[in-house]
Amino acid sequence: MELSPKQQVVEVLKSKQKILILTHKNPDGDALGSILALSASLRKLGKEVLAVCNDPAPAVYNFLPEVQSVSQNFAGHRDFVVSLDVSKVRADKIMYKLNGTKLDIIITPQGGQFGHADLSTCEGCFHFEAIVVLDSPDLERLGSPYEKNPEIFFDVPVVNIDHHPGNDQFGKINLVDITATSTAEILVSVIEALSGDSKFINEDIATNLLTGIITDTNSFQNTNTTPKSLTVAAQLVAFGGRQQDIIKNIYKTKPLSTLRLWGRALSNLREEQSCGFVWTKLKVSDFTEIGASVTESSGVIDELLKTAAGVDFALLLTEKNNDVHGSLRSTNRTKDVAAIAKLFGGGGHTMAAAFQIKDKKLTEVETEIISKIKNFQISLKKVTDNTETSS
Ligand SMILES: [Mn+2]
């Protein structure tokens, strides 16, 4: 009988010893909770694990168990290769010996002489036997770990574990469950199956997994919250997951810089009443003047704008480095914001979507973005009006 994707994931992880785990850049609670929980579980099972993310964890996640164990690069996990050109002179013997703090590599030539010009060095292979990619709809979203080392993704089996509807199934094994609230929710049963022990998940692993479920459901407030996610969360609390710690650190503690940034976003708030949306913007200068990091803007849309009454959706335009990011949240169950993100080459879910305009300043594209959305809204309204009159 053919194995299910979950069984295939378990089989691969059981059979491999050196495992690389990656998650998307700008990690959120689900990305971090998932990568920390899976790496701790695999280490507990005696595996050698390297967990890598393009960016460090935002300060709000400092309370997560072993959050410092996620590194930003592959340092220490790559061979260093010394190459000798043997096209003119052949090597007869190679020895090495430790000479104080130096390792001497001694090459005996066969009739001739080697010189400096014959030597070169380069970065060599990794020794990973499997790669697990968590919470990432595609490989590009991993950032530099993928961009700088695309070859390793062809050399070893890639396991793709995710819950995004747009996941492009890039893995050799794809465990993509779009009905799951979060990658962490999927991992609970993977870790149980992997360990074969219903008591394997300890307090720290449970806290990390619960963080993923709580942040991706916005503390069980989002419409994606399912009965299963509540059952799994209850199970994690029973395993010792520190739910109160998570709520306190993520939802009830705000750095002053975050509050100031939110103030800036609120004072820029505009209402496009006839087109049914509110929007605001944050420029690079807003972040630098306040001393806030780019990750501090996430609450602006999820905690402030999404609560706007009397509109269909909210938009936040953020200038990050050289790009303009748009985050969209539906405030009305019937409004599909993914259709709006698509106008700018983005995507997402009905309730939450995003787009990115590369290499532009906010001032260059702001007017165009807003008028494009307004025109789209007006065209939708015309279609609805026509349908109403014709029916
Ligand atoms: Mn997620």
Side-chain angles (χ1 to χ4, degrees), residues 5-6 9 21-39 41 51-55 57-58 60-61 64 67 70 132-143 145-146 158-171 174-191 205-226 228-230 232-233 236 241 246 249-251 295 297-299 301-303 306 325 327-330 337-338 341 346-354 356:
K6 187 177 105 177
V9 170
I21 314 182
L22 301 166
T23 191
H24 60 80
K25 56 185 173 185
N26 302 319
D28 56 13
D30 188 27
L32 291 164
S34 296
I35 198 169
L36 290 167
L38 185 61
S39 43
S41 301
V52 177
C53 177
N54 190 78
D55 308 284
V60 66
Y61 297 110
L64 291 180
V67 68
V70 180
V132 184
V133 178
L134 298 172
D135 201 42
S136 190
D138 51 50
L139 290 172
E140 288 69 28
R141 213 69 64 94
L142 299 176
Y146 172 67
V158 174
V159 174
N160 165 18
I161 305 179
D162 188 28
H163 67 115
H164 292 95
N167 187 292
D168 70 8
Q169 311 276 330
F170 54 81
N174 298 291
L175 177 55
V176 178
D177 179 359
I178 62 168
T179 68
T181 56
S182 50
T183 300
E185 181 185 322
I186 303 171
L187 282 179
V188 175
S189 68
V190 170
I191 292 172
I205 296 173
T207 301
N208 276 318
L209 291 170
L210 190 57
T211 300
I213 299 178
I214 289 181
T215 53
D216 264 16
T217 58
N218 194 17
S219 205
F220 307 107
Q221 296 177 74
N222 289 0
T223 49
N224 68 353
T225 308
T226 55
K228 187 180 174 206
S229 64
L230 293 166
V232 173
L236 291 171
I246 299 168
N249 282 284
I250 298 178
Y251 297 103
T295 54
S297 63
S298 61
I301 187 103
D302 283 316
E303 297 185 47
K306 220 170 75 174
H325 293 248
S327 297
L328 291 146
R329 295 292 182 274
S330 176
V337 288
H349 313 254
T350 310
M351 299 301 291
Q356 187 178 15

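Order of appearance sets the numbers: ligands from 1, and atoms from 1 within every ligand. Nothing fancy with the numbering, it's 1 onward along the sequence.
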Test Thr211 against Leu64 for side chain to side chain contact (heavy atoms under 4.5 Å, CB included), laying out the working first. CA-CA 8 Å; Thr211 300; Leu64 291 180; 3.3 Å; yes

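Listed by chain and residue number, the protein N/O/S atoms under 2.8 Å of the Mn ion (ligand 1) are Asp30 OD2, Asp135 OD1, His163 NE2, Asp216 OD2, with waters left out.
In this structure, the side chain of Thr226 engages the main chain of Ser229 through a donor-acceptor pair within 3.5 Å.
In this structure, the side chain to side chain donor-acceptor pair (under 3.5 Å) partners of His164, at least two apart in sequence or on a different chain, are Asp162.
Just one residue in the list Lys306, Arg329, His349 forms a side chain to side chain donor-acceptor pair (under 3.5 Å) with Asn222, and that residue is Lys306.
Taking OG1 of Thr350 as the reference point, atom CG of Asn224 lies at 11.0 Å (rounded to 0.5 Å).
A 4.5 Å side-chain heavy-atom check between Asn208 and Tyr61 finds every atom pair outside the cut-off.
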